[in-house]
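Hydrogens, waters and symmetry mates play no part in the numbers below; they use all other heavy atoms, side chains included.
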Amino acid sequence: MRRAMASAEVGDNVIDIDPTVRELEERAAAVLGMPAALWTPSGTMANLIALSVHLKRGDRFLAPKNAHVLNNELGSAAWLAGGMPEALDHDGGPGRPKPESVAAAIGARGGPYYTLRTTLLCLENTHNAAGGAVIPPHEHAQLLSTARQAGLQVHLDGARVWHAAVALGLPPAALTVGVDSVSACFSKGLGAPAGSVVAGSREFVERARRMRQMLGGGMRQIGVLAAACLVALDRVGELAEEHDKARRLADGLRELGWEAETPETNIVLAPVADISVTLESLRVQGVLALPMGGKVRFVLHRDVSGADVDEALRRIKAGGHP
């Protein structure tokens, strides 16, 4: 990846003449099943661009509870995109609402002028806070159909759509059918140091490019990072190994008395009595993790080997966790 970055052919991406960025955008659009794509420095910016294009100031948008656009993007959906967020319970399964719940949240159309206007549904596949939970295609289609019947647009936060595709044994494009826009990240388990794309129609990407510039995402010889993202795209199939390691970790934790949830992808969540005490104790043992929703969050990626998983379990056992 570093060799690819060092030898990347570059140009000025602000005026859209960086050949490596163009190659990445064209390839990513094809993989995601969209007409066009735009490189962004981060997934947060990709999501903000999409919401800014789709929403008018004061529009309400729906998203599953604890979605990244709700909990992890510093309120930018409301502050900068001007949207009024509403969280939907995961009553359809981890990371997703039932179609009936989406319909109920949208409510009747054509109310008085002073009522909120719901115009957008945001989905997340995989859902980070739900432990990398996957939305299968038939459920995606049902949620999409419900939104469409009510006249809503749909944005898919697909930061980890590669993981969902590998877990289901499907191409990523099978998980983006019918959406108006999708974001996807190249650093989530794939090893790129930075970079995402936001994809949609050609008209959407034209508007997205202007918004990216407004947000400070217009960068010059960024082909050095796009080259890393191209290498990352070649690694999507290898994510199956990260999923296997995550299940291995979860199995090992349960053998040690943890209530670790069986992961669908590469994120393991484990509830504990005192999150701060547990994380500090793990840190002392040289096992690093993060908190999420009162649980310990372990994430597996290509730089963590199977031997590292075994060593982490050995240290956790020696430390007397949980």
Side-chain angles (χ1 to χ4, degrees), residues 32 42-44 46-47 63-73 87-97 122-140 143 156-172 174-176 182-192 196 232 235-254 258-272 275 287-306 308-309 312:
L32 293 168
S42 71
T44 294
N47 285 333
K65 189 176 180 179
N66 298 324
H68 201 276
V69 295
L70 300 180
N71 284 24
N72 302 102
E73 299 184 4
L88 303 177
D89 288 336
H90 299 183
D91 55 5
R96 54 198 182 271
C122 290
L123 299 174
E124 186 175 336
N125 199 10
T126 67
H127 193 293
N128 177 20
V134 175
I135 303 178
H138 69 282
E139 293 189 29
H140 168 90
L143 292 166
L156 174 62
D157 178 357
R160 295 172 175 80
V161 71
W162 325 113
H163 293 274
V166 168
L168 293 167
L170 295 170
L175 306 181
T176 67
V182 56
S183 62
C185 185
F186 300 106
S187 65
K188 301 295 189 294
L190 297 176
S196 290
R235 294 175 168 175
V236 169
E238 298 173 18
L239 291 175
E241 299 174 20
E242 318 315 321
H243 301 173
D244 289 341
K245 287 183 286 190
R247 286 189 288 270
R248 182 172 172 177
L249 176 62
D251 290 344
L253 289 172
R254 282 194 296 273
W258 291 63
E259 297 179 18
E261 301 164 14
T262 300
E264 292 185 89
T265 53
N266 70 321
I267 299 174
V268 177
L269 295 180
V272 294
I275 188 71
V287 178
L288 302 182
L290 290 172
M292 177 163 279
K295 300 176 182 179
V296 179
R297 177 178 180 264
F298 301 91
V299 179
L300 282 296
H301 53 82
R302 62 181 297 106
D303 293 327
V304 176
S305 67
D308 291 331
V309 172

Novice: Can you measure from CG (L300) to CG (L239) and round to the nearest 0.5 angstrom?
Specialist: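 Answer for the CG-CG pair, L300 versus L239, is 11.5 Å.
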Novice: Please check if the side chain of W162 supplies one atom and the backbone of F186 the other of a donor-acceptor pair under 3.5 Å.
Specialist: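 Not at all, since once roles are kept as given, no pair shorter than 3.5 Å links the two residues.
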Novice: Quick check for you: to the nearest 0.5 Å, what is the distance between L143 atom CG and N125 atom CG?
Specialist: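 Rounded to the nearest 0.5 Å, the CG-CG separation comes to 10.5 Å.
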Novice: Okay, side chain of H163, backbone of I267: is any donor-acceptor separation there less than 3.5 Å?
Specialist: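 Looks like no, no N/O pair under 3.5 Å.
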Novice: Measure across V296 and A289 and return the closest heavy-atom pair with its distance rounded to 0.1 Å.
Specialist: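 Taking every non-hydrogen atom into account, CG1-CB, 3.6 Å.
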Novice: Measuring from L156:CG to L32:CG, what's the distance to the nearest 0.5 Å?
Specialist: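 So the gap between those two atoms works out to 9.0 Å.
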Novice: Answer yes when R248 and D251 have at least one side-chain N-carboxylate O distance shorter than 4.0 Å, and no when they do not.
Specialist: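 D251 and R248: not salt-bridged.
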Novice: For A63 and V69, which heavy atoms make the closest approach, and how far apart are they?
Specialist: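 A63 and V69 have their closest heavy atoms at CB-CG2, 4.1 Å.
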Novice: Can you measure from CG (D157) to CG (L70) and round to the nearest 0.5 angstrom?
Specialist: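 Between D157 CG and L70 CG, I get 10.0 Å after rounding to 0.5 Å.
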Novice: Would N66 and H127 count as a side-chain contact (heavy atoms from CB on, under 4.5 Å) if you check the C-alpha gap in whole Å, the side-chain angles of each, and the deciding distance to 0.1 Å?
Specialist: CA-CA 9 Å; N66 298 324; H127 193 293; 4.2 Å; yes
Novice: Could you pull out the closest heavy-atom pair between V268 and A260, with the gap in Å?
Specialist: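 Nearest pair, atom of V268 first, then A260: CG1-CB, 4.3 Å.
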Novice: Grab the two heavy atoms, one from G132 and one from T265, that are nearest each other, plus how far apart they are.
Specialist: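 Scanning both residues completely, I find the closest heavy atoms to be O-OG1, 2.8 Å.
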Novice: Looking at R247, R254, K295, which hits salt bridge (Lys or Arg N to Asp or Glu O under 4.0 Å) with E261?
Specialist: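 In the set R247, R254, K295, the residue that makes a salt bridge (Lys or Arg N to Asp or Glu O under 4.0 Å) with E261 is K295.
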Novice: So which atom in R302 and which in E238 form the shortest heavy-atom distance, rounded to 0.1 Å?
Specialist: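 Scanning both residues, the minimum pair turns out to be NH1-OE1, 2.8 Å.
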Novice: Checking E264 side chain against A167 main chain: does a donor-acceptor pair fall under 3.5 Å?
Specialist: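 Judged by distance alone, no pair lies under 3.5 Å.
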Novice: Is there a donor-acceptor pair under 3.5 Å between the side chain of E242 and the backbone N or O of N266?
Specialist: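 Answer holds: no.
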Novice: Answer yes or no: is there a side-chain heavy-atom contact under 4.5 Å between H68 and T44?
Specialist: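 Answer yes - side chains close enough.
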Novice: Looking only at non-hydrogen atoms, find the nearest pair between A129 and L269 and report the distance.
Specialist: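 Looks like O-CD1, 3.5 Å.
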Novice: Is the closest side-chain donor-acceptor distance between S305 and D308 under 3.5 Å?
Specialist: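 Yes.
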Novice: When you measure from the side chain of S183 to the backbone of G43, do you find a donor-acceptor pair of N or O atoms at a distance under 3.5 Å?
Specialist: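 Checked: no pair found.
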Novice: Could you state the interatomic distance from OG1 (T176) to CG (L123), rounded to the nearest 0.5 Å?
Specialist: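 The CG atom of L123 is 12.0 Å from OG1 of T176, to the nearest 0.5 Å.
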Novice: Which pairs count as side chain to side chain donor-acceptor pair (under 3.5 Å) when at least one residue sits in residues 128-139, sequence neighbours excluded?
Specialist: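 Sorted result for residues 128-139: R96-E139, N128-R297.
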Novice: For P64, does its backbone N or O pair with a side-chain atom of H90 as donor and acceptor, under 3.5 Å?
Specialist: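 No.
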